[in-house]
Every structure is written in structure tokens, then in C-alpha cells.
Amino acid sequence: QAVIMLGLVSLFTDAASEMIYPLVPVYIAALGSGAILLGIIEGIAETTSSMLKLISGILSDKTGKKKLFVVIGYSISSLIRPLTGIVTSAWEIIIVRMFDRVGKGIRTAPRDALIAAFVDERIRGKAFGFERAMDHLGAVAGPILAIMTLIILFVGFGLKDSLLALRWTFILALIPGILAVLTLILFVKEPSSQNKTGNS
């Protein structure tokens, strides 16, 4: 059950992320900047994430509080990411994106350790495969949700300002992000050090 819930967390989180980031190049252009800034944003974001994965993995092992690190990581990303919708200039997206990747860096290694702790070693490949599949499903769902949101804003609400429509789409990405964090808090328990059987 815990692995299924972690899969849902990945689905909701990736859906929230993909509601925003495929549209960021258009958003940056609308704010008056271009491709160079986009490259800077992604470079800083991925470097931040990679550095924190090692640190969070070590700390979660030392403290034994894997779920705590996972909750912190997902919460940071879920709350920070929608702020993309309220920036007033393109360079501010660097800060938002960096903190989003801080969340990813904090949660990734402890989350993988959680999955490993909840299942027998004979089916760990299946468990990690399921989590990845749910993540990719979220990556498909996110752009669909973004398109549906934009259609509703333009057609249903008669919105004419494309920049404002993008802002609202990004802000509404908060909803799947909150669902991810609530699923994690309510349905995933901290495993005991002896828990290797797949029960939660």
C-alpha cells in the first residue's frame, strides 16, 4: 500500500510540475526575456538538485527520518512551484525553479530508500518500476491539465490576456501539489528498520 501511495505522490507531483514547465519558455518570452535566461534557469536548478540528493540521502540515513525528508522535499516543491504565476520579471523564475529543485534534491534519495524499505528485495525492481510509471503518467497528465485549464480560462471565462491565463494555470498547479503532500502525510508511514516485507 505504501508503495502505491508513493506512486500517487509521484503522479500528482509530476502533473503539477508539467502543468508549468512546458509553458515556461512562452511565459519567459511574454515577460520579455529569451533562451539564454531559460538555459541559466535549468542549469542552476539541476545543479542544485544534484548536490542536495547526496546530502539528503546521508542525513536521512543518519537520522532514520526518511519520511520527514520526503515530506519536506515535496512540500517545498509543491508550495514554491506555483509562485511562477506571480513573478513580475523573468529572472525571478530562477529563484522559484531553484527552490523547486531544492525540494527535489531533498526528497529523492529518502523516497527511494522508503520504497526499498517497504518491499521485499525480490520485488524491488517492480516497486521502483511502478513508481517511475506513475511519475511518467503524471508527466502526461500535467500538460493535458494545463491545456484544459487554458481552454476553460479562454472559452469558459472569456479571458483575453494570455499572460494572465498562464499565471492562473501556474497558480492552479498548487492543487495537485497539495494532493501529493496530503497523500504522503496521511497514507505513508515511517518504516521501521525491520520493515522489509512490503507491509506498511
Side-chain angles (χ1 to χ4, degrees), residues 1-22 45-46 49-50 52-82 99-149 169-200:
Q1 180 185 354
V3 174
I4 293 173
M5 292 299 107
L6 285 168
L8 286 174
V9 170
S10 291
L11 187 154
F12 289 137
T13 299
D14 222 53
S17 180
E18 295 301 320
M19 282 182 70
I20 295 175
Y21 293 120
E46 293 308 319
S49 175
S50 297
L52 283 171
K53 285 177 185 177
L54 175 61
I55 297 171
S56 69
I58 293 171
L59 290 176
S60 68
D61 283 343
K62 286 184 176 294
T63 62
K65 301 292 185 182
K66 295 177 177 63
K67 179 182 173 179
L68 176 62
F69 282 87
V70 178
V71 170
I72 290 172
Y74 276 110
S75 297
I76 290 172
S77 293
S78 297
L79 294 175
I80 290 293
R81 192 186 299 118
F99 276 99
D100 178 19
R101 295 294 92 177
V102 165
K104 183 177 177 63
I106 290 172
R107 71 180 183 251
T108 300
R111 182 204 61 211
D112 290 347
L114 273 182
I115 294 172
F118 279 124
V119 298
D120 188 277
E121 61 183 11
R122 292 171 296 182
I123 59 169
R124 280 180 184 165
K126 184 186 294 185
F128 281 104
F130 173 77
E131 189 276 331
R132 286 291 85 198
M134 294 294 277
D135 184 85
H136 291 308
L137 182 59
V140 173
I144 294 173
L145 288 172
I147 292 170
M148 291 174 59
T149 301
T169 302
F170 297 160
I171 292 168
L172 289 171
L174 181 66
I175 295 172
I178 289 175
L179 288 175
V181 175
L182 289 177
T183 300
L184 180 59
I185 292 172
L186 297 175
F187 300 109
V188 179
K189 297 178 181 178
E190 186 79 60
S192 65
S193 59
Q194 291 81 28
N195 189 353
K196 300 290 181 181
T197 63
N199 294 323
S200 62

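These numbers were taken from a predicted model, which means no experiment stands behind them. Each residue takes its place number in the sequence, starting with 1.
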**Student:** Could you pull out the closest heavy-atom pair between A127 and I115, with the gap in Å?
**Tutor:** CB-CG2, 3.8 Å
**Student:** Indicate the atoms forming the closest heavy-atom contact of A16 with G177, along with that distance.
**Tutor:** CB-N, 3.9 Å
**Student:** Restricting to non-hydrogen atoms, name the atom on F118 and the atom on V188 that form the minimum distance, rounded to 0.1 Å.
**Tutor:** CE1-CG1, 4.1 Å
**Student:** Which side-chain hydrogen bond (donor to acceptor under 3.5 Å, both in side chains) pairs, counting each pair once, include a residue from residues 12-22, with sequence neighbours left out?
**Tutor:** Y21-D100
**Student:** Which residue pairs pass the side-chain hydrogen bond (donor to acceptor under 3.5 Å, both in side chains) test with at least one member in residues 101-113, sequence neighbours excluded?
**Tutor:** Y74-R111, S77-R107
**Student:** Restricting to side chain to side chain contact (heavy atoms under 4.5 Å, CB included), what partner residues turn up for L54, sequence neighbours left out?
**Tutor:** I58
**Student:** Quick one: pull up CD1 in I55 and OG in S50 and give me the separation to the nearest 0.5 Å.
**Tutor:** 11.0 Å
**Student:** According to side-chain hydrogen bond (donor to acceptor under 3.5 Å, both in side chains), does anything in residues 56-73 pair up with another residue at least two apart or in another chain? List the pairs.
**Tutor:** none
**Student:** So which heavy atom on I106 is nearest to which on F69, and how close?
**Tutor:** CG2-O, 3.4 Å
**Student:** In a table with atom names and distances, give each donor-acceptor pair under 3.5 Å that connects a side chain of residues 128-144 to protein atoms at least two apart or in another chain.
**Tutor:**
{"residue": "E131", "atom": "OE2", "partner": "S10", "partner atom": "OG", "Å": "2.4"}

**Student:** Roughly how far, to the nearest 0.5 Å, is the CD1 atom of I171 from the OG1 atom of T149?
**Tutor:** 12.0 Å
**Student:** Quick one, L6 and L184 - any side-chain contact, counting heavy atoms below 4.5 Å?
**Tutor:** yes
**Student:** Of the non-hydrogen atoms in L145 and A15, which two are nearest, and what is the gap between them?
**Tutor:** CD1-CB, 4.3 Å
**Student:** Could you report the tightest heavy-atom contact between P176 and M19, atom names first, then the distance?
**Tutor:** CG-SD, 4.1 Å
**Student:** Can you list the residues that meet the side chain to side chain contact (heavy atoms under 4.5 Å, CB included) rule with L174, with sequence neighbours excluded?
**Tutor:** L79, P82, I178
